[in-house]
Number of protein chains: 2
Amino acid sequence: MKHDSRLSGVLHVLLHMIEAGKPITSEGLAEMMSTHPVVVRRIMAGLRDAGFVHSEKGHGGGWTVICDPASVTLDDIYAAIGSPPVFALGHRSENPACLVEQAVNASLETAFRDAEQLLLERLRTVTLAALAADFHQRYLAKRGTRKDISHAV
Amino acid sequence: MKHDSRLSGVLHVLLHMIEAGKPITSEGLAEMMSTHPVVVRRIMAGLRDAGFVHSEKGHGGGWTVICDPASVTLDDIYAAIGSPPVFALGHRSENPACLVEQAVNASLETAFRDAEQLLLERLRTVTLAALAADFHQRYLAKRGTRKDISHAV
DNA sequence: TCATCATGTAACATTTATTGTTACATGAAA
DNA sequence: TTTCATGTAACAATAAATGTTACATGATGA
């Protein structure tokens, strides 16, 4: 399987949208993510359905953030894109009749379930606003070496 | 990407090998894993290099466990198969120049690193012997409904 | 009204990793 | 010396994310 970078990518453009304060087109977001506009629409559709962003057609249209960044966590975004599988490792078969495989699966499932719970807990502790604040800190630390907050590839 | 079931699969056959107490051929192990003998050899090669199993050619040959199940943990087996990627989720680019992406990556990396550490900790607490014991418990609980410990698909 | 911009979505192609298969060499046992 | 079994390279099949094309829909502006 390929690496799933949807969460990383969508968080990236969400912050840019927050900074921009005005609609950005799928094409603009796609450029930031180094991807295709249709891919952007595909992912953003989930955020729109969840009520986090709004899309407008026609001239001056595009995507805008319509949620409060301080009350939306990374876990919310993860859920909005459809809660894709966290792990690349998994079982061969569910509900095996083989008792040996049952023992193996039970043990692995416990470990993976705990790890996933911890991950989601961590995601729940980070809001979009916190990410934005982190960005601003990095920006200030770079003051003088950059002229604006535009996207650098 | 496809699901990686190597860890699950190899643990499964390792327990069968412990129970068997005599060499099992790649073909026999492949049947238990519902896969191809070459796939078995490919995975077992790592365990052989790590010194956990031994392979013998010719008549009566096959694979045998040559380690102490009580002193080998699931984490050891995970390492022996090459420590494949744990997560299906990841970044789009490492070392991005974009400060926004840096902020996003930093936050996600913390969460994923912690989750992975917890997972490996859990794997370190389970030995092959513990898995075998778990299997025996399940076997006793089923006493009367099964005649042997043979592999059931 | 109508040309243009932008999203919405289906359908299909590409990519990347695991998994499956074939082929052939090597070595051990009967 | 035949048969069994591993060792490994090379290639095919598969699955899931990602990339692309095509076309419909709706909004804006002249």
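Distances from the side chain of S5(A) to the nucleotides dT21(C), dT18(D), dA29(C) place dT18(D) closest. Candidate nucleotides dT16(C), dT8(D), dG8(C) were compared by shortest atom distance to the side chain of S55(A), and dG8(C) ranks first. The side chain of K2(A) sits closest to dT16(C) out of dT16(C), dG19(D), dT9(C). Picking from dT20(D), dT19(C), dT6(D) the nucleotide with the shortest atom distance to the side chain of R6(B) gives dT19(C). The side chain of H36(B) has dG20(C) as its nearest neighbour among dA17(D), dG20(C), dT20(D). When each of dA22(D), dT21(C), dT4(C) is scored by its nearest atom to the side-chain atoms of V38(B), the top-ranked nucleotide is dT21(C).
Contact annotation: T25(B) side-chain N/O to dC4(D) OP1/OP2 distance is not under 4.0 Å.
Positionally, the nearest nucleotide of DNA chain C for R41(B) lies more toward the 5' end than for the other of G58(B) and R41(B). Checking P85(A) against W63(B), the closest nucleotide of DNA chain D that is more toward the 5' end is the one next to W63(B). Where E56(A) and S26(B) meet DNA chain D, the nucleotide closest to each residue was compared, and S26(B) sits on the side nearer the 5' end.
What separates CE of M33(A) from C1' of dT20(D) is a distance of 15 Å, to the nearest Å. Atom CG in L29(B) sits about 8 Å away from atom P in dT6(D), given to the nearest Å. Atom pair E27(B):CD and dT21(C):P shows a separation of 13 Å (rounding to whole Å applied). One atom, NE2 of H54(B), and another, C1' of dG27(C), lie 12 Å apart when rounded to the nearest Å. Remark: P of dA17(D) and CG of D4(B) are 15 Å apart, rounded to the nearest angstrom. Across the protein-nucleic acid pair, L47(A) atom CG and dG8(C) atom P stand 12 Å apart, rounded to whole Å. Remark: P of dA5(D) and NZ of K22(B) are 12 Å apart, rounded to the nearest angstrom. Atom C1' of nucleotide dA17(D) and atom NE2 of H91(B) are separated by 17 Å, given to the nearest angstrom.
Tested against Q102(B) for a side-chain contact (heavy atoms from CB on, under 4.5 Å), the candidates L99(B), N105(B), V100(B) yield a single pass: L99(B). In summary, of the residues considered (L29(B), L47(B), V53(B)), a side-chain contact (heavy atoms from CB on, under 4.5 Å) with V10(B) occurs for L47(B) alone.
At a cut-off of 3.5 angstrom, the base of dG20(C) holds at least one donor-acceptor pair with the side chain of R42(B). K57(A) contributes no side-chain N or O that forms a donor-acceptor pair with the base of dT28(D) under 3.5 Å.
Side-chain atoms of R124(B) and T73(B) form no donor-acceptor pair, as typed in the model, at a separation below 3.5 Å.
Clustering ILVMFWY residues whenever any of their side-chain heavy atoms sit less than 4.5 angstrom apart, transitively, puts L120(B) in the very cluster that holds V72(B).
Remark: E109(B) CD is packed, more than 12 non-hydrogen atoms of other residues, nucleotides or ligands lying under 6.0 Å away.
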